[in-house]
Amino acid sequence: MEYSEEELIKGCRENSRMMQEVVYRRYYSEYLKLCMRYTSCESDARHVLNDAFFKIFSKIDQYSWDAPFPAWMHRIVVNTCLDHVKQKMRRNKKETTAEESMFFPIATNEHDHIIGKISFQEIIMLIQELPDKHRTVFNLSVFEGMTHKEIAKELDMSHGTSQWYLSKAKELLRTKLSPIKKEVS
C-alpha cells in the first residue's frame, strides 16, 4: 500500500513502527548514497544512516510543514554525516603533514568527459578514497552547494583552508581519473 507523505509523518509522530519502516525503506537507498559520499566505506555509511534515521524518528515532532519532508530529512542526514566526520577528525587529530601543507595547482578539466562513462558506484569509490577532510569539504561544496565561508564555519577552519581542501580534493580525483581515462580511451 502506498502512503502519502502526510500519513507517513502522522504515523511516525504516533511512533508507528510500521510507518517508520515505510519511511526507512522509501528513503534508505537515496540517503545511503549521500552517506557514502561522506564516509570511507559502506559499513560506516550504513552506521551513519541508521543514526540519521534514529534522529529523524526522534525529532519528527520538530518537523514543520513549511519545507518538503525529504528536504528536512536530507538536512538531518547531512548533519549526521558531518557529526561523524567531526568526531573522526577529533579522534585522529594530527599535525598537518608535509603533503597537506604544499599547494597543488588545479589542473584543467581534461578528465571531465570521463565522468559520463563511469558508474555512480565507481565515482563514489573514488570520493571515498579521499582523506576525511578533503572528502567532507568536497561534498559540502560540490553536492550541498555550501560556500567556503559556510564550510569554514561548519568545520571550524579558515576560509582559505576550506578552499585548499577543495582544490586538493579535486586534484586527487583528477589523479585517480588518469588510469580510468586510459581504460576509456
ILVMFWY network linking [X] to [Y], side-chain heavy atoms under 4.5 angstrom:
X      : Y      : result
Ile123 : Leu130 : yes
Phe54  : Leu34  : no
Val48  : Ile56  : no

Checklist line | Nearest heavy-atom neighbours spanning Lys133 and Tyr165 | finding: CD-OH, 3.2 Å
Could you grab the distance from atom [atom1] of [X] to atom [atom2] of [Y], nearest 0.5 Å is fine?
X      : Y      : atom1 : atom2 : answer
Arg13  : Phe57  : CZ    : CZ    : 13.5 Å
His159 : His148 : NE2   : NE2   : 6.0 Å
Ile127 : Ile124 : CD1   : CD1   : 5.0 Å
Ser162 : Lys153 : OG    : NZ    : 14.0 Å
Leu172 : Leu177 : CG    : CG    : 11.0 Å
Ser40  : His84  : OG    : NE2   : 6.5 Å

Do [X] and [Y] have side-chain heavy atoms sitting under 4.5 Å apart?
X      : Y      : result
Arg90  : Gln87  : yes
Glu2   : Arg26  : yes
Tyr31  : Pro70  : yes
Val137 : Met157 : yes
Leu126 : Glu122 : no
Lys55  : Asp83  : yes

Return yes if some donor-acceptor pair links the side-chain N/O of [X] with the main-chain N/O of [Y] below 3.5 Å, else return no.
X      : Y      : value
Gln128 : Met36  : yes
Glu7   : Ser4   : yes
Glu150 : Thr147 : yes
Thr80  : Ile76  : yes
Lys86  : Glu154 : yes
Ser16  : Cys12  : no
Thr39  : Cys35  : yes
Tyr63  : Phe69  : yes

Next item on the list: State whether Arg135 and Glu129 are salt-bridged, where the test is any N-O pair (Lys NZ or Arg NE/NH1/NH2 against Asp/Glu carboxylate O) under 4.0 Å.
Entry: no
Next item on the list: Indicate yes or no: does Glu6 engage Lys10 in a salt bridge with an N to O separation below 4.0 Å.
Entry: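 No.
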Item checked: Flag for Arg17-Tyr24: side-chain donor and acceptor within less than 3.5 Å ->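 Their side chains do not contain a donor-acceptor pair, so the 3.5 Å distance test is not met.
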Next item on the list: With Arg37 as the cation and Phe143 as the aromatic partner, state whether NZ or CZ is under 6.0 Å from the six-membered ring centre and within 45° of the axis.
Entry: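 Output yes; distance and angle both within limits.
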Next item on the list: Apply the test side chain to side chain contact (heavy atoms under 4.5 Å, CB included) to residues Tyr28 and Lys33: give CA-CA distance (whole Å), side-chain angles for both, the deciding distance (0.1 Å), then the verdict.
Entry: CA-CA 9 Å; Tyr28 181 85; Lys33 291 174 187 174; over 6 Å; no
Check: Could you walk me through whether Val23 and Phe53 pass the side chain to side chain contact (heavy atoms under 4.5 Å, CB included) check?
Finding: CA-CA 9 Å; Val23 169; Phe53 272 114; 4.3 Å; yes
Check: Would the number of heavy atoms belonging to other residues, nucleotides or ligands and lying under 6.0 Å from CG of Asp61 be above 12?
Finding: yes
Check: Do Glu30 and Tyr27 pass the side chain to side chain contact (heavy atoms under 4.5 Å, CB included) test, and can you show the C-alpha distance, the side-chain angles, and the key distance before you say yes or no?
Finding: CA-CA 5 Å; Glu30 175 183 347; Tyr27 294 100; 3.9 Å; yes
Checklist line | His134/Trp164 aromatic ring centres below 6.0 Å | finding: yes
Checklist line | side chain to side chain contact (heavy atoms under 4.5 Å, CB included), paired with Val78, selected from Glu144, Met73, Met146 | finding: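 Among Glu144, Met73, Met146, the one meeting side chain to side chain contact (heavy atoms under 4.5 Å, CB included) with Val78 is Glu144.
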Notebook entry, point to check: Which one of Leu82, Leu166, Val85 satisfies the side chain to side chain contact (heavy atoms under 4.5 Å, CB included) criterion with Leu140?
Noted result: Leu82
Next item on the list: With sequence neighbours left out, write down each residue that passes side chain to side chain donor-acceptor pair (under 3.5 Å) with Asp66, or none if nothing qualifies.
Entry: Ser64
